[in-house]
Amino acid sequence: MRLPKPRGPLSAALVTDLAAGHTLGARTTAAAETALASVPDVLIDDDLQLSLAICYELHYRGFDGVDDAWEWDPELLRLRGRLEERHLTALRELAGDVEVTDDPVDQQLAALIAADDGPSLSRYLARHGTVEQWREYLTLRSVYHLKEGDPHTWAIPRLAGRSKAALVEIQADEYGGGVPERMHSQLFAGMMRDLGLDPGYGVLWDDAPAVAFTAVNTMSLFGLHRRRRGACLGHLAAVEMTSSEPSRRYSSGLRRLGFGDRTTVFYDEHVEADAVHEQIASVDMCGSLVAETPALAADVLFGARCSLVLDGLAATHLLGAWEQGRSALRQEPELAA
């Protein structure tokens, strides 16, 4: 994918350095220090979230014309670490304290989800969403769904035994069970195409708001650090445990607008798959991890809580913009030819 358009001094300096192919410049380091000292809310800041996403994308598919050696550049990793520290601090403030009890971790996860009172984007889109609002929603979600599964897959080599086998079972479904056209990322791309959006990997990054990157950056942060493996699994468990019914609503919303099975297959697949994944994720994956390493229970619950509150952050952004009669995107998305 091409390098995205900068959104501020830090991302501008970072993009310049990556494109030039030399070491991280003093301008980039200075921009990072200024941003970290002055940005009031890192989780919704376009410049910081895009910069962190750029750093992480070097571990995924990279950028056109950017040397792969940047992936492990020490100075870039040091910069990324500073951004991650602020991101984690802000996540903890948003998520609040999560109490760990003596109950089985699957029950604690269920209780955490039951207590969540975030806004329901799926209900709105099912009942009221217009085609244009659906395009905006898919643009935002494309930042993750076109790489669906990848951030959590980083945790596989960091696990063993039952928790590892459970994660592999879930991820195998994410990747279509070995059938390329059934990969969830490909099903999502097909849905984008049916709604007139360009489904190219990373093509709509320039249109997506900061909250789109906040969610994926959190997954990448958890997945790329072994010490965050508990949070990574907790995050995935919350995704699987809260996906089935909203997916049913999303599918209903698309059908209300006249789209058929070819378009809704992405959500139809999640209705069935995630109903099965819920028990695998909460009991086999997270339960086994905590049984092996009880000290990770708090991390598992923190990761799950992050998934819930960031879904709420994105829903608040979208619904707030639509309520005011304006676009939730940074600019109009590029429509497919």
Side-chain angles (χ1 to χ4, degrees), residues 95 106 109-149 151-152 170-171 173-174 184-185 187-192 194-195 197 208-209 211-212 214-216 218-219 234-257 259-282 286 303-323 328:
D106 62 300
L109 286 167
L112 194 68
I113 290 168
D116 180 59
D117 59 356
S120 177
L121 190 60
S122 63
R123 284 193 176 91
Y124 176 86
L125 285 172
R127 299 170 182 172
H128 311 292
T130 65
V131 172
E132 186 54 40
Q133 288 170 341
W134 266 96
R135 288 184 181 128
E136 293 190 5
Y137 169 67
L138 296 184
T139 295
L140 184 150
R141 293 298 295 170
S142 71
V143 176
Y144 167 64
H145 282 303
L146 292 179
K147 60 159 58 80
E148 183 167 348
H152 297 113
I170 292 171
Q171 296 305 85
D173 284 343
E174 300 292 334
H184 289 181
S185 58
L187 297 180
F188 189 85
M191 180 170 54
M192 292 178 67
D194 287 351
L195 269 77
L197 293 169
V211 291
T214 305
V216 187
T218 298
M219 298 181 214
H235 186 286
L236 177 58
V239 171
E240 300 295 342
M241 295 172 75
T242 60
S243 174
S244 186
E245 188 55 37
S247 291
R248 193 185 308 277
R249 296 191 198 110
Y250 287 130
S251 183
S252 175
L254 286 170
R255 286 192 168 91
R256 176 180 58 82
L257 294 171
F259 294 98
D261 293 349
R262 188 186 74 172
T263 305
T264 63
V265 63
F266 172 81
Y267 290 116
D268 297 339
E269 176 78 10
H270 282 75
V271 170
E272 297 180 11
D274 292 349
V276 176
H277 290 172
E278 178 176 351
Q279 290 299 312
I280 299 172
S282 62
C286 291
R305 177 66 179 156
C306 286
S307 175
L308 298 173
V309 296
L310 291 181
D311 277 351
L313 192 69
T316 298
H317 173 85
L318 287 164
L319 294 173
W322 296 340
E323 184 178 347

Are the side chains of Lys147 and Val216 in touch, meaning some heavy atoms are under 4.5 Å apart? yes
Donor-acceptor pair, Arg249 side chain versus Ala126 backbone, under 3.5 Å? no
Looking only at heavy atoms, the pair that brings Ala328 and Glu136 closest together is N-OE1, 2.8 Å
Looking only at heavy atoms, the pair that brings Leu254 and Thr263 closest together is CD1-CG2, 4.3 Å
Ring-ring centroid check His184 Phe188, cutoff 6.0 Å: no
Reported CZ-to-OG distance for the pair Arg127 and Ser120, which is rounded to 0.5 angstrom: 7.5 Å
Looking at Val211 and Leu140, what are the two nearest heavy atoms and their distance? CG2-CD1, 3.8 Å
Using distance alone, with no hydrogens and no angle criterion, decide if Arg256 and Ser252 have a side-chain donor and acceptor under 3.5 Å apart. no
Is there side-chain contact between Leu125 and Trp322, with at least one heavy-atom pair below 4.5 Å? yes
Reported CG-to-OG1 distance for the pair Leu310 and Thr316, which is rounded to 0.5 angstrom: 11.0 Å
Report the distance from atom CG of Leu187 to atom CD of Glu174, rounding to the nearest 0.5 Å. 10.5 Å
Any idea which heavy atoms bring Gly312 and Pro119 closest together, and the distance? O-CG, 4.0 Å
Nearest heavy atoms of Thr218 and Thr214, plus distance in Å: OG1-O, 2.8 Å
Do Met191 and Thr264 have side chains that approach each other closer than 4.5 Å (heavy atoms only, starting at C-beta)? no
Please check if the side chain of Thr139 supplies one atom and the backbone of Arg135 the other of a donor-acceptor pair under 3.5 Å. yes
Would you compute the distance between atom CG of Leu109 and atom CE of Met241 and round it to the nearest 0.5 angstrom? 5.0 Å
From Arg141 CZ over to Met192 CE, what is the distance, rounded to the nearest 0.5 angstrom? 12.0 Å
All heavy atoms of Val239 vs all of Ser307, minimum pair found to be CG2-OG, 3.6 Å
Aromatic ring centroids of Tyr250 and His270 under 6.0 Å? no
How many angstroms lie between CZ in Arg255 and OH in Tyr267, if you round to the nearest 0.5 Å? 12.5 Å
Phe266 and Glu269: CA distance, side-chain angles, deciding distance, side chain to side chain contact (heavy atoms under 4.5 Å, CB included) verdict: CA-CA 5 Å; Phe266 172 81; Glu269 176 78 10; over 6 Å; no
